Every structure is written in C-alpha cells, then in structure tokens.
Amino acid sequence: MKKIVQGLAIGGFAIVLTACQSDDSETVVETEYGSISKEEFHAELEEKYGEETLQSMTKKLVLEGQFDIDQEEFEQEVEQFKTQLGPQFTKFINQQGYRNEEEFRTALYISKLEFEAATADIEITDEEIETHYERMQEERKARHILVDEKETAEEIIKKYKDGASFEELAKEYSKDGSAANGGDLGYTTAGEMVKPFEDAMYGLETNEISEPVESQFGWHVILVEDVRESETEVQPFDEMKDQLREQLLASKVDSQSYTSKVQEALDNGNIDISDDDYEGLFGSNKSGESESTDDEGDSSNEDNGKQDSEEAKDDSESDNE
C-alpha cells in the first residue's frame, strides 16, 4: 500500500478551487483589521496547490479515457484497508500527507489507473499464478552474494566448490547490505525477491548453490540452506487469485518502465495546456512543439519522432528487490 500511495498529487483541493470561482467578488472573511475576498482566497489556493491539483485532475481525466477501474472492487479495497488499520486509519493517511479520506481515495484511484497503464501490455497466465501460489506454501532460508560482473560470480562459485566458506566469500565480495552477515537473507517466500532471484532460488535443493543469476541489481550467487512450510497461513487459492495476478504484474514492471508507460498513456491524451502558468506541466505544449518543428523542418521532426518512439519501447527489467 505504501507503494500505491507514495508521491501522488492531492486532488481534494479541486473542489475548493471550483467553489471559489462562483463569485470572486464575495467576501470570505471579515475582521476588524480587514477582509479576505474569494478572489484573494482563490489566488492563494492556486499558488499553493494549483499545479498539483491541475496535474491530478488532468491525469485522472486522460487515464480514465483509456483504462477502466472496477468501482465495486475499488470500494471493497478501501474498506478492507480501513478495516485492517482500524482506529489507526486516519493517523496513517495523515502521515502519508493526506488531510482526509477523500484525498486518500483520489490518490489511490489515480495510482490504480497508473498501474493499469503501466501493465496493460503484460500478460499473466493461470500457470504462473498457480506456480506462485504453490511457492507461497513454503519458505526458503538463503544466502546470496551480489557482484557487478558475471565473471566475478563464476569465480566465487568455483572458490565455494573448492571448499571456501560462503559466508566469508560474501563478506569479501558482496556489495549487498547482507554482506556483513555472510549474505544471510533469512527465510523468504514467493513475492519477496525480484523474479530472476526467486525463480533461481526455488529451483535449488537444500545446500545447493546456483549458477550466476542476473537481475537489475547485478549478478547473484545463491545458496539455499533450508526449506520449511510457510509459517503464515495462506488463504484458499480462489480467494487469492486476483491478488496474486496483481502481484505478478507488479513484479514485471520496474520504476523506469512504469514511469515511461504512464507517460506514454498521458501523451496519447494530446494534453494542451492554454494557461501559460502551467505550460510544461506534462511536457511541451502543442503550440511549443509546432514552433519547434517549424524551425527545424519536417525532416528533423520525423527523425526525432522515430527516436522518441524507439526510446518509449525500451523494455526494463523486473521490480525492485
């Protein structure tokens, strides 16, 4: 949930700003020392919150035009979250930067739209979901060593097979924070590690060492020390299937590709901001683009378009560890 609500614009101020536009000449506050008009109030709100509110409203408008969120499921998710936190719900959303539940709902809703945009072209098979569920039935105690080069990983494996201590090799070679503890990761289960690491770990027997495993962090050498049944009760498969599908989708998109795919969806909305104060909020304005291409010529514009298209299609590796 932390990932879902982190870094999103607050949309609740849109209601306030809209209400203030009805009659800007009206007085909102009167005191013995002066008064505050709606025009002044509106100007202050816009200066403080205008950019993030406009961004939030525009993003919601554009993404809703391309992706659907099941409203019933959304309400159930919010209620489940409130039930889990109980009396701590209000404190939690305040700590996350939201003044009230409505602002939290807006942020959560937009984040779900962004998630749909980022994962729209990713397919998850029933077989993948079943495999993930089966892995959740057990926990594996593992150690690992993380290095930058495959050759270094191969050297480590050779030294281990020649009798060197894995713990000492981890302290000597690993750039991971677990190095000081001999690479010890404790017991982990499905969904807690990046996918290449998880796939390799679940393919090992007890006391077996892996071949070099590449992830976005570098090259891993993994040693499984123990396998046990999960100490956490796992819900029936039918109750978890949709949740597992979402987890697998999240595991297949990292922050870089997430951002690029959301931006691509926003670009599809052909956003044109006419207010100069907010020009560039979503990149170059249409008018700015036209002026640029007129100066550079049609040929240059075509080349730039091809380059942008190729960059937008670059794939990234799986989710963070």
Side-chain angles (χ1 to χ4, degrees), residues 1-22 28 41-42 44-120 122 124 191 235 239-251 253 255 258-269 271 273 278 281-282 319-320:
M1 183 60 69
K2 180 180 178 183
K3 178 184 281 188
I4 289 179
V5 300
Q6 186 177 8
L8 294 172
I10 298 174
F13 291 103
I15 300 173
V16 178
L17 293 175
T18 303
C20 291
Q21 292 172 348
S22 57
V28 178
F41 181 44
H42 174 261
E44 183 75 11
L45 285 174
E46 183 172 11
E47 181 178 351
K48 287 186 175 181
Y49 309 113
E51 183 172 301
E52 65 186 57
T53 300
L54 181 61
Q55 189 174 48
S56 177
M57 293 174 67
T58 305
K59 185 178 288 186
K60 181 174 181 290
L61 178 67
V62 172
L63 295 181
E64 273 187 327
Q66 302 173 66
F67 308 99
D68 294 323
I69 300 297
D70 189 301
Q71 293 297 327
E72 184 176 347
E73 289 182 3
F74 175 74
E75 291 299 327
Q76 289 176 351
E77 184 174 338
V78 172
E79 290 305 314
Q80 183 180 16
F81 188 64
K82 291 171 65 176
T83 300
Q84 289 174 344
L85 285 176
Q88 299 299 314
F89 174 72
T90 301
K91 180 180 179 180
F92 172 79
I93 63 174
N94 290 159
Q95 289 175 338
Q96 297 297 319
Y98 305 108
R99 298 185 309 164
N100 50 50
E101 182 178 333
E102 186 58 35
E103 288 181 3
F104 169 76
R105 283 173 173 268
T106 300
L108 178 61
Y109 184 75
I110 292 175
S111 76
K112 292 183 76 66
L113 285 169
E114 289 182 325
F115 185 78
E116 290 297 316
T119 60
I122 300 175
I124 302 296
Q235 296 175 315
E239 295 179 17
M240 295 193 68
K241 187 174 182 178
D242 291 341
Q243 178 185 338
L244 296 178
R245 183 183 298 277
E246 189 165 303
Q247 288 178 2
L248 288 169
L249 282 171
S251 74
V253 58
S255 58
Y258 189 101
T259 300
S260 66
K261 288 180 180 179
V262 171
Q263 185 60 51
E264 184 178 348
L266 293 174
D267 291 343
N268 290 338
I271 300 170
I273 300 176
Y278 300 110
L281 188 60
F282 289 93
D319 195 23
N320 289 339

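Quick caveat: nothing in here was measured; it's all calculated off a predicted structure.
Side-chain contact between Leu249 and Phe115 is present, with at least one heavy-atom pair separated by less than 4.5 Å. Inter-residue side-chain proximity for Gln76 and Gln80 is flagged as unmet; no heavy-atom pair is nearer than 4.5 Å.
In plain terms, the two heavy atoms of Ile124 and Arg245 that are nearest each other are O-NH1, 3.0 Å. Listed here is the closest heavy atom pair of Ala120 and Phe67: CB-CE2, 3.9 Å. Considering every non-hydrogen atom in both Ala265 and Leu63, the closest pair reads CB-CD2, 3.8 Å. Glu114 and Val262 get closest at one heavy-atom pair: O-CG2, 3.6 Å. The two atoms that bring Leu113 and Lys60 nearest to each other are CD1-O, 4.2 Å, heavy atoms only. Annotation for Val62 and Gly269: closest pair CG1-CA, 3.8 Å, computed over non-hydrogen atoms.
A distance of 4.0 Å separates CD1 in Ile122 from NZ in Lys261, rounded to the nearest 0.5 Å. Gln243 CD to Gln235 CD: the interatomic distance, rounded to the nearest 0.5 Å, is 6.5 Å. For the atom pair OG1 of Thr106 and CD of Glu102, the computed distance is 4.5 Å after rounding to the nearest 0.5 Å. Interatomic distance, Ile110 CD1 to Met57 CE, rounded to the nearest 0.5 Å: 10.0 Å. The CD atom of Glu103 sits 8.5 Å away from the CD1 atom of Ile93 when rounded to the nearest 0.5 Å. Within the model, atoms CD1 of Ile69 and CZ of Phe74 stand 8.5 Å from one another, a figure rounded to the nearest 0.5 Å.
Of the possible polar contacts, none joining the Ser56 side chain to the Thr53 backbone as a donor-acceptor pair under 3.5 Å is found. A donor-acceptor pair under 3.5 Å is formed between the side chain of Asn94 and the backbone N or O of Tyr98.
Residues satisfying the side-chain hydrogen bond (donor to acceptor under 3.5 Å, both in side chains) test with Gln247, not counting sequence neighbours, are His132. Residues meeting the salt bridge (Lys or Arg N to Asp or Glu O under 4.0 Å) test with Lys241, sequence neighbours left out: Asp126. Not a single salt bridge (Lys or Arg N to Asp or Glu O under 4.0 Å) links Glu73 to another residue, sequence neighbours left out. Qualifying ring-ring contact (aromatic ring centres under 6.0 Å, His included) partners for Phe89, counting only residues two or more places apart in sequence or in other chains: Phe104. The side-chain hydrogen bond (donor to acceptor under 3.5 Å, both in side chains) test applied to Tyr109 returns Glu64, Gln71, not counting sequence neighbours. Every residue meeting the side-chain hydrogen bond (donor to acceptor under 3.5 Å, both in side chains) condition with Glu101, not counting sequence neighbours, appears here in chain and number order: Lys82, Arg105.
Side-chain contact annotation: Glu264 with Asn268, donor-acceptor N/O pair under 3.5 Å absent.
Salt-bridge annotation for Glu44 and Lys48: present, with a side-chain N of the basic residue lying under 4.0 Å from a carboxylate O of the acidic one.
Counting non-hydrogen atoms of other residues, nucleotides and ligands closer than 6.0 Å to CD of Gln66 gives a total above 12.
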